Every structure is written in C-alpha cells, then in structure tokens.
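The structure appears right after this line, and notes come after that.
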Amino acid sequence: DRNDKPTTAESGYYFLQSPTVETARPHSNLQIPAKTQNDQPIDILKIRKDFPILSQKVNGKQLVYLDNGASSQKPQQVIDAIANYYKEINANVHRGVHTLSQLATDAFEAARAKIQQHINAKESYEVILTSGTTHSINIVANGFSNMLKVGDEILISALEHHSNIVPWQMLCERTGATLKVIPMNLDGELLMAEFDSLLNPNTKIVAVNHVSNALGTINPIRYIIAEAHKGGAAVLIDGAQSVAHIKPDMQELDCDFYTFSAHKICGPTGTGVLFGKEEWLNKLLPFQGGGEMIKEVTFEKTTYADLPYKFEAGTPNIAGVVGFGAAIDYLNEVGMDAIAQQEEEILKYATAELLKIPELKIWGTAQEKVSVISFNVGNLHPYDIGTILDNSGIAVRTGHHCAQPIMNFCKIPGTVRASFSFYNTIEEVDLLVKAILKAQKMLS
Ligand code: 7TS
C-alpha cells in the first residue's frame, strides 16, 4: 500500500457531497458539517475563539494566518496550561523530594504519556522529549556515528527539509558513508521504482518525511518502511508536517524513528518528540552529556541512564512539555478526523480558486497531499507577492522553505506557500485570492 492518506472507510470521515466551487463559495466554513470522532459537528467560529491571536489586526487588517506549515497558532487552553504551570507548580523535574518538584515531574510525565497514547507508541520510554524535530533528527544521526563505515549508504529523498538532509551529510562526513537520494518528479512525487533500485544491502538508514513541507505531498511511507526493513535498514520518518493533519500510529507504521515538533500542532515552540523503538534507542550513542542522562559518574567512567533519560540531558523545557500535552488534548477534543475533513475541503476549494488566477502555477500536484499550496504567479518574485499579502494582513511563507533542493529541481528561486489549518475558513481563501489579484495588478 503506497498510499498513506486514510481512506474514508478507515478514518470514518464524514464527507458531505464534494463542494463544487460554485456551491462552496457562498457557504461559510461554519456550515461545513465536519464531524468529530464523537460524531459531533465542529463549530469553526467557536474554535477560532479559542485562538486569541486570530482576532488580531495586522497592518490595520484582520489577520489571515496561512503560515501554519511554519508554526501553528496556540489556543487559550495551551497558553493557560503553560501559565498555570509557572503560577502553581514551577520546579525542576526528577530531582526533588519536595512537593513542587514532584508535581512538576508528574505534569511532565503525564504529557509524555499523552504523547505516547496519541501516537500509539508501545512504551512511554520510547517517547524522548526534545527541543523539536531538528534536535530529534540530530540525536538519531549522531547516534549512528559508531555504527557506520565506508561503503554504507544512507537513503533520503529529494523532498526533504534541510533538517533531514544536513544531519545525514554530517554523519557521512564522520563515518565515510555515502548519501543517496530518492528522486522526485515535477508533480512533487517520489519515484518509487527508483527507490526500489536504490535500496541495497549497504543501505543502513532510510530517512524520509511523511509530508513535504514545501509541496504538501504525502509520501508512501508504509511502502518505504516495509521495503527498507526487508534489507534490515533502520527507518526514520520526519513527521514535522504530518502530525498536524494525520494521527500517526507507531505500532501500525512500524518505523524505527518518528520525529515531530509541538509548535506545528498548536503547542509551544522549543519542544518536540523523538519516538524510537526501544531496541534502536538502546543501540544509539547519547547525543548530549550532562545531568539526568547518567546512571553513575566517576572520573574514570560514566554509565548512562535508561530510556528515555539517556537522551534527555539537562533541564528540559518543562513548561513547554506541559503545553505540548495540553495541545494534544486540544487536538483530540476537536478530533483528528474532523480536522482532516475540514482541511480537505479547504484544500479543494483553495486549489480551484487559486487556479482561476491567470498565470498562477501550483507546485506540488501529488495525488496525495495535505492542505499546503505552493505557487508562483507568472514571473513575479515570491517575496514581492508575500509583502503585498502582508500589507493586506495575510501571512504566508515565501522563499525556498528550507528545501532548496526542491527549488533547484523545479528551477525556481522559491514559491509563495499558503498552508492551511483547521481554523482557516473559506472566507480567508477568498481574501487570499483577492490579495493575489491585487498584487498581480500592482507588480505587472
Ligand atoms: N522537517 C520538516 C518536514 C519541516 O517542515 C520542518 C520545519 C522541520 C523538519 C524542522 O522543524 P523544527 O521545528 O525543528 O524547526 N518546517 C518549517 C517550514 O516549513 N517553515 O518553517 C519551518
């Protein structure tokens, strides 16, 4: 199965008849009967009220936040969880008999348990709390430093964010291993026949993203994981862009590592996850040395702590992790199925509306994609368009999106990227289209 998007039957999505552009236009998102897992309709207006920043004006205009791929906004529930932690609990974790330290430890470990449950990891100690995806990938790449030799290969893909390229290049420099790349096509899809032929007994690690941040492609990770495992390679999935849209199941996917950041799923910055299978985490070298990651320290020899603490040196981002737990609760309250449904509608509508703009080209037309639309308008520079959109209160990302190899492959300097969340509305898509038309007029 090369398709990782849950089918209607699998996910229990409630699909209203596909809104044609004509029927969808007069409706507000409020009327899209997306359903939660409890089969309750979700109320976008009510959801938007949870996010204080969404009612803000930017440059004198109502904020239209379409840069969710870079970082999502935070609901009051998450902000409160962080503030309450500092107001009522604040202490260091795992190191005090005093009451506050125990409460802080309980809150921290409760968040780990929530994350474990959310991603269906077998054990809570397979959930390492890190500062984010970048940190998580670096832990793994560093951890392999004494396991690779000249002749070994690391296989990544043409669709990777720099965070899933550079740490592997650094590992290759340290060990003499070779980096290989699964190529892509102009639709933004990986060439799976090439993947099949690149895999060989020297392939020790396969590291690909679940979803491309620049183009929105959902990669066929089930197939990649299964094929890589046949030859004994370890598989790391960079889930930074998927977790906002798809609830990943560690036991079902059977990947060896899965990484993501809290800040892209309504949680705070500065915290994230490295999921690793117990047997692999035990094999990896620790990344950072320091307090909390040790069993015993003498000047002659130090022994390391058991999982997960072996990879959690120093005082962690305790308040951030507590906020992360609150973000997981929030997403589950809205319902991941309802979120996927809502975003699918927005993606369909926005794609159709944007394509009506003369000379607008969408980069990333994979069969399976999330609610990310990367585009250019004629020869206009993405920064110029981004600046005019910003003047209209619309936040998008412009540039190479930390995925320069994709831009090189497409022979473009960059794109404008609108990345939609479940709290975005049809009206906001209309405002985006209007502002692009205005930019086109001003710049031509
Ligand atoms: N991997 C992918 C696929 C990403 O999209 C990102 C961040 C990262 C790794 C790194 O995550 P971090 O939390 O450690 O920074 N992507 C983006 C983006 O698309 N726009 O800004 C950050």
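Count residues from 1 along the sequence. Just so you know, these numbers come straight off a predicted model, no measurement behind them. As the structure lists them, so they are numbered: ligands from 1, and atoms in each ligand from 1.
With Asp256 as reference, His229 is the one residue of His229, Glu279, Met250 to meet the side chain to side chain contact (heavy atoms under 4.5 Å, CB included) rule.
Listed by first and then second residue, the side chain to side chain donor-acceptor pair (under 3.5 Å) pairs involving residues 371-391 are Asn59-Asp390, Ser374-Thr415 (not counting sequence neighbours). The salt bridge (Lys or Arg N to Asp or Glu O under 4.0 Å) pairs that include a residue from residues 112-139 are Glu109-Arg112, Arg112-Glu312, Lys114-Asp329, where partners are two or more places apart or lie in different chains.
Under 4.0 Å from any atom of ligand 1, one finds heavy atoms of residues Gly69, Ala70, Thr133, Thr134, His161, Ser163, Asn213, Asp238, Ala240, Gln241, Ser261, His263, Lys264, Arg397, Arg417.
Here the straight-line distance linking atom NZ of Lys204 with atom CE of Met147 works out to 12.0 Å at 0.5 Å rounding.
The pair Arg222-Asp254 does not count as a salt bridge, with every side-chain nitrogen at least 4.0 angstrom from each carboxylate oxygen.
Residues meeting the side-chain hydrogen bond (donor to acceptor under 3.5 Å, both in side chains) test with Glu428, sequence neighbours left out: Arg48, Asn424.
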